[in-house]
Each structure stands twice: as C-alpha cells, then as structure tokens.
Amino acid sequence: MKNKLYCFDKLEELFSLYEKVRQAVVLSENFNKERKMHIAPINQMRSALDHIFKAINSVDKIETCDYELKEAKEHLDRAGYDAFELLAANISISIVEKLNKYNTKTITEVFPYYFTDIKPKLTDIKNIVAMLRSDKKIDSEKSFSAYFDQISILINIDKKVDTIIPSLDEFEKKKKKEKFKTWIISIVSSIISGLSVGLIMYFTT
C-alpha cells in the first residue's frame, strides 16, 4: 500500500506540468492559421503517456515506478519546450503577416511604435525563448511559467495589431483617394493647359 501511495503521489506531481504543456499545445494550434496539429509535442506527450501507464502497472515496485515517471517527465519537458517554441513562433508570424500587406509609410504614420517598440520586442522574446530552452539549470516548470510571461506579451501585441488594422485600412483608403484626386487634377490641368495653348495659338495666328 505504501508503494502505491508513493507512486500515485509522484504521478500527481506531474499533473501541473502536464496542464502547462497541454495549454501550450492547444494555444499553438489556435495561433496556426491552418489549425494544424503539431507532431513533435504530440509525439512527446504520447511517449510520456506510455511511461505513465507503465508506472501505474508497476505501483508495487518503487524503483520501476520512479524510473518510468522520471522518463515521463522528460518527455513532458520536451513536449513543453517544443510547444512553447511553436507557440511563440506562430504568434510572432501572425503579427508580422497581419502587417505585411501595409507599406512602411502607412505603418509609420498610423502605428509608429511598431518599429520603435514592438518589432524590437519580438526579437527580444525570440532570444528569451531560445535562452529558456538552452538553460538546463532552470527547472522546466519555472521555465514554462517564464514562457507564459512571454506568450502573454505576444498575445497582447497581437490584440493591439488587430485593433489598429481598421485605422491602417482607413489611412490607405484615404491616401488612395488623395492620389486619385491628385491624378484627376493633373489630367484636368493638362487638358486645360493644352486647350489654353491651342486657343492662344489659334487667335494669334
């Protein structure tokens, strides 16, 4: 009975880690415009599940149970790192793609802090995400909490971009109208100028 309690206590400790990983996987798919399931973290979670069931099947053997749950944690760790990297990349790509259809002048006029604040922030977050995975001294759950901090920043940026898009569209429409108006005035001016020259020549010859 003691062995079983030990094994299930250890299993329960994995739950908070699993919850973080699962949330990262779901979010990474939500921010993928094609809604594709990412194979790498799913495969790692499947391997973790295999080890968890092997541990449950060995609840009377502390050493075996302990080994299997350690292996399960390693796979959950890898799944989490894969999922968070994909999530950070997907949100960053989403932000950039939404703004790609607008020219630099439009963004500078309407959304100037994209270049002064947001774009450098995207680069910083990319570097932080890479550092979190490479720093083996940080416990995975602490790393994943730090990942969520960066993801929250990215999600807020994505929301800001969504709210500014109508203003970007309006600015471009306004500029197109002004350009068309300038073109019309130029054509009319050319016609009037041509007529004036023609009339002058007609009456002076």
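A single hydrophobic cluster is not seen to contain both Ile56 and Tyr67; linkage of ILVMFWY side chains at heavy-atom distances under 4.5 Å, directly or through other members, places them apart. Both Val96 and Phe111 are part of a single hydrophobic cluster, where members link through side-chain heavy atoms under 4.5 Å apart. At a threshold of 4.5 Å between side-chain heavy atoms, the hydrophobic network of Ile, Leu, Val, Met, Phe, Trp and Tyr places Val26 and Phe15 in two separate groups.
Of the possible polar contacts, one joining the Thr108 side chain to the Thr104 backbone as a donor-acceptor pair under 3.5 Å is found. The main-chain N or O of Lys54 is found under 3.5 Å from a side-chain atom of Ser58 such that the two form a donor-acceptor pair.
The list of salt bridge (Lys or Arg N to Asp or Glu O under 4.0 Å) pairs with a residue in residues 145-165, not counting sequence neighbours, reads Lys98-Asp158, Lys98-Asp162.
Taking CD1 of Ile91 as the start and CG of Leu27 as the end, the distance is 7.0 Å to the nearest 0.5 Å. Rounding to the nearest 0.5 Å gives a distance of 12.5 Å between CZ of Phe144 and CD of Gln23. For the atom pair Ile157 CD1 and Lys121 NZ, the distance stands at 7.0 Å (nearest 0.5 Å). The distance from the SG atom of Cys65 to the CG atom of Asp60 is 9.5 Å, given to the nearest 0.5 Å. Taken from CG in Asn100 to CD1 in Ile93, the straight-line distance is 11.0 Å, to the nearest 0.5 Å. The line from NZ of Lys105 to CD of Glu172 is 11.0 Å long, rounded to the nearest 0.5 Å.
Salt-bridge formation is detected for the pair Asp77/Lys73: a Lys NZ or Arg NE/NH1/NH2 atom is positioned less than 4.0 Å from an Asp or Glu carboxylate oxygen. One finds a salt bridge joining Arg78 and Glu74 here, because a Lys/Arg side-chain nitrogen approaches an Asp/Glu carboxylate oxygen to under 4.0 Å.
When all heavy atoms of Val21 and Leu76 are compared, the pair lying nearest together is CG2-O, 3.5 Å.
In this structure, Met45 and His75 have side chains that are not in contact, with every pair of non-hydrogen atoms separated by 4.5 Å or more. Counting heavy atoms from C-beta outward, Ile164 and Tyr114 have side chains that stay 4.5 Å or more apart. Taking the side chain as every heavy atom from C-beta outward, Leu86 and Pro41 approach each other to under 4.5 Å. Between Ile151 and Leu154, some side-chain heavy-atom pair lies under the 4.5 Å cut-off. By the 4.5 Å heavy-atom criterion applied to side chains, Ile52 and Glu68 are not counted as neighbours.
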**Request:** Begin from the C-alpha positions of Leu87 and Tyr147 and carry the test side chain to side chain contact (heavy atoms under 4.5 Å, CB included) through to its verdict.
**Result:** CA-CA 10 Å; Leu87 176 55; Tyr147 269 121; over 6 Å; no
**Message:** Working note: Lys70 + Asp66, criterion salt bridge (charged side-chain N to carboxylate O under 4.0 Å, His left out); need CA distance, chi angles, decisive distance, verdict.
**Reply:** CA-CA 6 Å; Lys70 283 179 181 176; Asp66 212 33; 3.7 Å; yes
**Request:** Take Ile153 and Gln150 through the test side chain to side chain contact (heavy atoms under 4.5 Å, CB included) and record every step on the way to the result.
**Result:** CA-CA 5 Å; Ile153 294 170; Gln150 301 306 311; 4.0 Å; yes
**Request:** Please report the C-alpha distance between Ser145 and Lys20 in whole Å, then the side-chain angles of each, then the deciding distance to 0.1 Å, and finally whether the side chain to side chain contact (heavy atoms under 4.5 Å, CB included) criterion is met.
**Result:** CA-CA 8 Å; Ser145 294; Lys20 288 184 175 71; 3.6 Å; yes
**Message:** Lys173 vs Glu170, test: salt bridge (charged side-chain N to carboxylate O under 4.0 Å, His left out). Steps then yes/no.
**Reply:** CA-CA 5 Å; Lys173 285 179 185 177; Glu170 186 62 32; 5.1 Å; no
**Request:** Please assess Thr106 against Asn103 for the test side-chain hydrogen bond (donor to acceptor under 3.5 Å, both in side chains), listing each intermediate value before the final yes or no.
**Result:** CA-CA 5 Å; Thr106 298; Asn103 60 48; 2.9 Å; yes
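More than 12 non-hydrogen atoms from other residues, nucleotides or ligands lie less than 6.0 angstrom from CZ of Phe115. The neighbour count for Tyr18 OH, taken as heavy atoms of other residues, nucleotides or ligands under 6.0 Å away, does not exceed 12.
Taking the six-membered ring for Trp, Phe171 and Tyr102 have ring centres at least 6.0 Å apart.
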